[in-house]
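Hydrogens, waters and symmetry mates play no part in the numbers below; they use all other heavy atoms, side chains included. We're numbering straight along the sequence, starting at 1.
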Amino acid sequence: MKDIKRHLFILFFFVILIFNLERLDFQDVSIVNFRPYFYFLIIVNLLLMLVWPPLQKTPVYILLSLWGAIYISLWLYFSRGRALTENVQITVLEFLFLEATVWLLHSLVDKVGKTELMVNTLVLGIFPGRVMTMEAAAVWIKNEMNRGRRHNRPLSVVVLDPQNLDLDADSALLRQFQRDVLKQFVLARLGQIISDQVRQTDMIIRGEDDKFIVLMPDTDKGSSSITTARILNEIQARSGSSVRFGIASFPQDALTFEELVHRATVNLSSPGDMVPEISPAVTFSSSVASSNEKVSSKS
């Protein structure tokens, strides 16, 4: 955390310095006059690195080469018709400042990414489960969809959307970091609970916006509704979290996994909106009924 704050302070100070160097005058004469496209490149670099994940994973030397090539191309374009040696000091200074900004920003993003990975690894170690990323589950999803089409077998997708993860915190950087860590603990705990309630053949995927996607092979909508009710009941009992749910089944609702997830997401509703025929699964009035339903869903 200290490294992140130090990198953030250095980057902030450096950017402030760049945008205020022109204010340094000597005898009412400006010493440094940066070109407009230099400021444009600085701003674009900051925005792209912060909002575009693929750029964050790009090696720093490739980024340095890329932004350096862009700067040189713009310099050659705007310097046409003039001597290339004109204001060469400013050109060198702009080039070095741009490269330094790229390096500092990449270092900051890299530190944040490593910290997030460390937190997630720690959380998963405390709350073990079977939650997979979408990338890791891609091959399994493709195989199950192909098997369902080839053998005309049902398949259901359940989307679970936790609702009360906005934990109270002020806007300070440290408080925000603590809030993010606690949020990851809550999500990991929910993933563990879901893992305990589904079959070994079911896949649990961590989707976008903190959603969980449960892929249930050989399961129609009725059976998946019973399992979903048990999951919601267990989450409420063990964590007190509120979770919205949506269910879509192959082939009646959609024919591809992406369409199933989209349809289930569109159909998100609260547990109180469950249809009457599966409401007993939500109440779990007796432990015998709960056990029978669990055996039925796992068979």
Side-chain angles (χ1 to χ4, degrees), residues 129-134 137-138 140-163 187 190-239 241-285 288-299:
R130 294 189 287 118
V131 181
M132 307 170 65
T133 63
M134 190 65 72
W140 296 91
I141 293 171
K142 181 180 179 180
N143 292 339
E144 289 299 337
M145 294 300 301
N146 290 336
R147 191 171 70 89
R149 296 188 186 98
R150 185 179 302 113
H151 301 289
N152 195 25
R153 300 293 298 173
L155 180 146
S156 295
V157 167
V158 179
V159 174
L160 301 171
D161 183 17
Q163 292 298 293
L187 289 172
L190 293 181
Q192 182 192 43
I193 295 173
I194 296 171
S195 300
D196 293 340
Q197 300 304 312
V198 300
R199 304 167 302 180
Q200 290 296 323
T201 55
D202 297 335
M203 284 183 289
I204 308 169
I205 305 165
R206 180 78 173 269
E208 297 179 353
D209 300 327
D210 300 323
K211 293 182 177 65
F212 290 96
I213 301 170
V214 184
L215 178 63
M216 302 180 181
D218 300 319
T219 307
D220 57 21
K221 183 170 289 188
S223 299
S224 63
S225 298
I226 295 174
T227 303
T228 301
R230 184 172 62 248
I231 293 172
L232 297 175
N233 183 79
E234 194 69 15
I235 288 176
Q236 180 63 37
R238 292 170 60 179
S239 71
S241 300
S242 175
V243 179
R244 298 172 67 207
F245 74 98
I247 303 174
S249 296
F250 170 88
Q252 59 266 37
D253 293 325
L255 299 178
T256 66
F257 176 75
E258 291 76 12
E259 292 174 348
L260 287 170
V261 173
H262 174 71
R263 181 65 63 88
T265 303
V266 170
N267 294 334
L268 283 173
S269 57
S270 61
D273 298 331
M274 276 189 162
V275 294
E277 56 265 31
I278 64 172
S279 58
V282 184
T283 57
F284 287 86
S285 57
V288 176
S290 175
S291 300
N292 290 338
E293 290 165 354
K294 182 179 295 186
V295 172
S296 174
S297 66
K298 292 185 177 182
S299 61

| task | Enter the distance from Thr228:OG1 to Lys221:NZ here, rounded to the nearest 0.5 Å. | result | 11.0 Å
| query | What pair of heavy atoms forms the shortest contact from Met145 to Leu155, and how long is it? | reply | SD-CD2, 4.0 Å
| said: Would you say that Val261 contacts Lys211 through its side chain, given a criterion of any heavy-atom pair below 4.5 Å between the two side chains? | reply: no
| request: Verify, without hydrogens or angle tests, whether Asn233 (side chain) and Ala229 (backbone) share a donor-acceptor contact under 3.5 angstrom. | output: no
| task | Flag the pair Val158 / Ile231 as yes when at least one side-chain heavy-atom distance between them is below 4.5 Å, and no otherwise. | result | no
| message | Between Val159 and Asn267, is the side-chain contact (heavy atoms from CB on, under 4.5 Å) condition met? List the steps. | response | CA-CA 9 Å; Val159 174; Asn267 294 334; over 6 Å; no
| message | With a sphere of 6.0 Å drawn around CG of Asn152, does it hold more than 12 non-hydrogen atoms of other residues, nucleotides or ligands? | response | no
| query | Where do Ala264 and Ala248 come nearest, in terms of heavy atoms and distance? | reply | N-CB, 3.9 Å
| task | Show the numbers, then the answer: is there a side-chain contact (heavy atoms from CB on, under 4.5 Å) between Asn143 and Arg147? | result | CA-CA 6 Å; Asn143 292 339; Arg147 191 171 70 89; over 6 Å; no
| query | Are Ile205 and Ile141 close enough that some pair of their side-chain heavy atoms sits under 4.5 Å apart? | reply | yes
| Distance, nearest 0.5 Å, that separates CD of Gln197 from CD1 of Ile194 | 9.5 Å
| Thr219 side chain to Ser224 main-chain N or O, any donor-acceptor pair under 3.5 Å? | no
| field | Any Ile235 side-chain heavy atom under 4.5 Å of Leu190 side chain | value | yes
| request: Could you tell me the separation between the CG atom of Leu215 and the OG atom of Ser156, rounded to the nearest 0.5 Å? | output: 9.0 Å
| Any side-chain heavy-atom pair from Met134 and Ile213 closer than 4.5 angstrom? | yes
| field | Student check: side-chain heavy atoms of Lys142 and Phe257 closer than 4.5 Å | value | no
| query | For the atom pair OG (Ser225) and CZ (Arg230), what is the distance rounded to the nearest 0.5 Å? | reply | 12.0 Å
| request: Determine the minimum heavy-atom distance between Glu234 and Ile193, stating which atoms define it. | output: CG-CG2, 3.7 Å
| said: Less than 4.5 Å apart, side chain to side chain, heavy atoms only: is that true for Asp161 and Thr265? | reply: no
| Does the side chain of Ser223 come within less than 4.5 Å of Asp220's, by heavy atoms? | yes
| request: Using atom types as modelled and distance alone, determine if a side-chain donor or acceptor of Arg153 lies under 3.5 Å from a backbone N or O of Pro217. | output: no
| said: Working to the nearest 0.5 angstrom, can you tell me the gap between Phe250 CZ and Leu255 CG? | reply: 6.0 Å
| said: Ignoring hydrogens, what is the shortest heavy-atom contact between Asp218 and Arg199? Give both atom names and the distance. | reply: O-NH1, 4.4 Å
